[in-house]
Amino acid sequence: MEYVKCRGKCVANCSAVRCFTFRRESKKYLVKDDLFLSGHRACQGCGATIAIRHVLKVAGRNCIIVQPTGCMEVVSTQYPETSWLVPYIHVAFENAAAVASGISRALKVKGIKAKPIVIAGDGGTVDIGLQSLSGMLERDENVLYICYDNEAYMNTGIQRSGSTPLFAATTTTPSGKLSKGEDRPKKDIAKIAIAHDIKYVATANVAFPLDFMKKVEKALKISGAAFIHILTPCPPGWRIPESKSIEIARLAVDTCMWILYEYENGKYKINYLPTVKKPVKEYLLLQGRFKHLDEKDIETIQKLVDKRYEELLKLAEITIQE
Amino acid sequence: MLEYKRREILSGNKAVAEAVKLCDVKVIAAYPITPQTPIVEYIAEFIANGELDAEYIKVESEHSALSACIGASAAGVRTFTATSSQGLMYMYEVLFIASGLRLPIVMAVVNRAISAPINIWNDWQDAMVCRDSGWIMMFAENNQEAFDFTILAYKIAEDKNVLLPVMINLDGFVLSHTYEPIEIYEKSYVEKFLPKEPNIPHKLDINNPITLGHLVTPEYYMEFKFEQEEALQRSKEVVKKTIEEFNKIFGRNYSIIETAGDGDIAIVTMGSLASSLKYLLRSGENFKLVSLKLYRPLPKEELIKELKDVKTIAVLEKDVSYGFEGGILYNELKSILYGKTDANIISFITGLGGRDTRVEELKKIIKICENPSKNVYWLGLRRI
C-alpha cells in the first residue's frame, strides 16, 4: 500500500496556525478580508463557523451564499444583523439546492460571473434536502454545494439525522438498557453525490484548512455542480469540550473514521492518510456521545471503518493502475 | 387599428404559454402535472425552437420549481412556473416564502381537485386553500383572460408599490384543454406595456450584498407581516390602475369585478362559471351576475357596492370549507357584508372533481333563491 502524499507537505500539520507552509501556500489565493463576520451567535468551538470562514476566504466577494434552515443560518442572520458581507439568501429547509439552481440560471442569463455556494448542514443535505440536492446534481447546475456535517440536527437540540454515525447517542437515539444509540451506520452522502456523475466531489475536515481551501478553490473553478462534504465537530452535540473540536476532527482523519479524498473526472484520489492509522477507540472515547460503548461495539465500528478504508484505497488504486 | 393583434384558436394552456413568451421571462422552473403540463411543454418547445430566450430548469418537484423561481427572482430576473392540485399543495410551504420575501414571481395554476380520492378534473380547492399565502390571485373566465391576465400579472407583481407574487388561475380542462379563438398581441405592443426587465430593489447583487431570509425574532416579526399585509391590500389600487392601462393599450374592457344583468337576486362566482351564467342571462333569466376577477386582495368595497341592494345573494363556487359551512368564498362574502345588508346569503357548491355544472342546475339556483330553506346547497349531488 502506498500513501498518497500531499503536495504542500503541510497538510499533516496544517491545523497549526503558525505553520509556515500554510501561510505561504494560502497567500496565493486567500482574500484578505473576513467576509463572514464575528459576533454571530454560534457556540464556542463550533466547527461549522470555522469552515464557513475558510470558504469565504477562498471564494471572496464573487459568490452568493444560499443556506437552508439550520444552525449556521440561525446564528448568522438574526435580524437586523448579519454576519455576511456577501449576498445571502435563506429560503427553507429542504430546497437550498433548488434555490441555488435558480440563482445560477439567473446569473447565467445576466452574464454575471459569480457562483452560488450552498452551505448546508447534514440534515438539510442527506435527509430533507436530498431530493432537491439530487435534482441539482443531476442537472449539473453551476453550483458549489458544501455540506458541513456535525452528524445530527444540532439546531433543534441534537436529534439524529441520516448522517449520525453508528452507536452515537442523540436525544432521539439515546443509549439505554435496550439501546446502544443510533442503530444504523452513517449515510454516505459523498458516495451518493458521486453516483450523479458530477465533475467534482471531495471530503474535507475542518482540522485540515489548507486541504479544504484548496478543494473549495478547485470546486469554484469547475463549471457545473461540485460537492464538498466537510466534517465539523459540534461541542454540545458531540459532548466534547469546546477546546477539543479541532483535535477531535483531526483524530477522525488519523483514525480513518473520516478519509480525505477527491473524486474528479471519474477518478478517486486520497489526499491524506496518516502514517500510523490510529484505532477508532481514540476518536470515540473522547466524545460523550460514544461514552456508553463497550469493547464489542468499538470493534464493530472499527470493522466498518476498516471496510470503508479498504474500499476507498481500492478505488483510488484502481484508477492509479489504469 | 387591429394590426397589432392576430387571432388564433388556442387552448387555455397554450394561451398562457404564449403570454409567457411575450413577457420576456428569463427563468422557467416547472414540473409536470395534469392538467397544467401542456403549459410547460409549450414553453419547453418555444425554448427548443429558439422562439423564447430563457433558461428552463427541469426540477425534480413542484417544491423545487417554486424554490428555483425564488432563487432566480431574488437574483433579479423574470420567472414563471405553473402547477395544479397536488403540485400546488406540495409548494404550499414555499408560497408563503415567495410572498414573504416580496418576490414578483408569476405562477399559473390550472385548477384541479385535491386527493383523496385522486381526481384530475377541475375544481378550485387547490387555489382556495392558498388564499392566505400572501399572493395576489386572479381567476380567468376564458382563454383570452388567461392570456391577458398573465401579461397583466407581471406588471402588477413588479410594481414598486407591490412586489408580490401573482397567481393566475384557470379552470382545469374547462379552459386549459378547451380551444377558443383568442387575440395575440405583437411583441412590440407588449413592450409598450411591460418593461424589458423587472426592477427588484432587494435583489442579490455582488456589488451591493444584502441578507435575504433573515431569522426574525418576536421583536420584529409582526412588523414584517404587517407591511406585507399593507402591500397586499394596497395592491388592489395598483391592479385597478394597471388594468386601466392595459385596457387602453390593448382595447379591452376588464375590471377587478365584472357585473352583468340586474335583479333582486345576485349570483357571485369566479372563473369559467361566469361564462355559463352569462349564457343564462342571454337566455332571459333575471339576476345580477357578479364575477370576481381579482380574488386576493378581495375587492371588499366593490363587492359591498354591487351587493348591498339585492335581496338574495347566491355564492356559486367549486370548493368547500370543510367543517365550517359551505364554500370558502361564501363565508368571506358573509363576513364582509356583515352589517351592510339584510340580504339572504346562500352557498351553492358545484362542480367538485370536474362534475359538469349544467344549465338546469344553474336555473335551480334562481328558483331556490326565491324561497331558500337552508344555507348550503350542493348542486348536482347524487344521493344514494
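Computed from heavy atoms alone, side chains included, the values below leave out hydrogens, waters and symmetry copies.
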In terms of heavy-atom proximity below 4.5 Å to chain A, should [X] be classed as side chain, backbone, both, or neither?
{"X": "B/Val59", "value": "both"}
{"X": "B/Tyr221", "value": "neither"}
{"X": "B/Ala74", "value": "side chain"}
{"X": "B/Tyr56", "value": "backbone"}
{"X": "B/Ile57", "value": "both"}
{"X": "B/Thr217", "value": "side chain"}

Rounded at 0.5 Å granularity, tell me how far [atom1] in [X] sits from [atom2] in [Y].
{"X": "A/Gln131", "Y": "B/Ser64", "atom1": "CD", "atom2": "OG", "answer": "6.0 Å"}
{"X": "A/Asn95", "Y": "B/Leu66", "atom1": "CG", "atom2": "CG", "answer": "9.0 Å"}
{"X": "A/Ile112", "Y": "B/Asp205", "atom1": "CD1", "atom2": "CG", "answer": "6.5 Å"}
{"X": "B/Thr79", "Y": "A/Arg105", "atom1": "OG1", "atom2": "CZ", "answer": "13.5 Å"}

What part of [X] gets within 4.5 angstrom of chain B, counting heavy atoms only: side chain, backbone, both, or neither?
{"X": "A/Ala92", "value": "both"}
{"X": "A/Ile64", "value": "side chain"}
{"X": "A/Ile65", "value": "neither"}
{"X": "A/Gln67", "value": "neither"}

Max heavy-atom pair count under 4.5 Å with chain A, selected residue of B/Ala75, B/Gly76, B/Ser67: B/Ser67
Give the member of B/His63, B/Arg78, B/Glu197 that has the highest number of heavy-atom pairs under 4.5 Å with chain A. B/His63
Under 4.0 Å between a side-chain nitrogen and a carboxylate oxygen: does that hold for A/Glu138 and B/Lys58? no
Test A/Val91 against B/Leu212 for side-chain contact (heavy atoms from CB on, under 4.5 Å), laying out the working first. CA-CA 8 Å; A/Val91 177; B/Leu212 269 181; over 6 Å; no
Any side-chain heavy atom of A/Trp84 within less than 4.5 Å of one from B/Pro209? no
Validation row: A/Val86, B/Ile206 side chains within 4.5 angstrom (heavy atoms): no
Hydrogens and angles aside, do A/Gln78 and B/His214 bring a side-chain donor and acceptor to less than 3.5 Å of each other? no
Show which side-chain atoms of residues 103-114 of chain B pair as donor or acceptor with protein atoms under 3.5 Å away, not counting sequence neighbours.
| from | atom 1 | to | atom 2 | distance (Å) |
| --- | --- | --- | --- | --- |
| B/Asn111 | ND2 | B/Asp126 | OD1 | 3.3 |
| B/Asn111 | ND2 | B/Asn169 | OD1 | 3.0 |
| B/Arg112 | NE | B/Ser85 | OG | 3.4 |
| B/Arg112 | NE | B/Asn119 | O | 3.1 |
| B/Arg112 | NH1 | B/Thr34 | O | 2.8 |

Around atom [atom1] of [X], are there more than 12 heavy atoms from other residues, nucleotides or ligands closer than 6.0 Å?
{"X": "B/Glu230", "atom1": "CD", "value": "yes"}
{"X": "A/Arg184", "atom1": "CZ", "value": "no"}
{"X": "A/Lys221", "atom1": "NZ", "value": "no"}

With respect to chain B, which residue among A/Lys108, A/Met136, A/Arg61, A/Glu94 yields the maximal number of heavy-atom pairs within a distance under 4.5 Å? A/Glu94
Could you walk me through whether A/Ser134 and B/Glu60 pass the side-chain hydrogen bond (donor to acceptor under 3.5 Å, both in side chains) test, one step at a time? CA-CA 8 Å; A/Ser134 173; B/Glu60 81 300 328; over 6 Å; no
Do the side chain of A/Thr77 and the main chain of B/Leu215 share a donor and acceptor less than 3.5 angstrom apart? yes
In short, A/Tyr88 meets B/Thr211 closest at the heavy-atom pair CD2-CG2, 3.4 Å
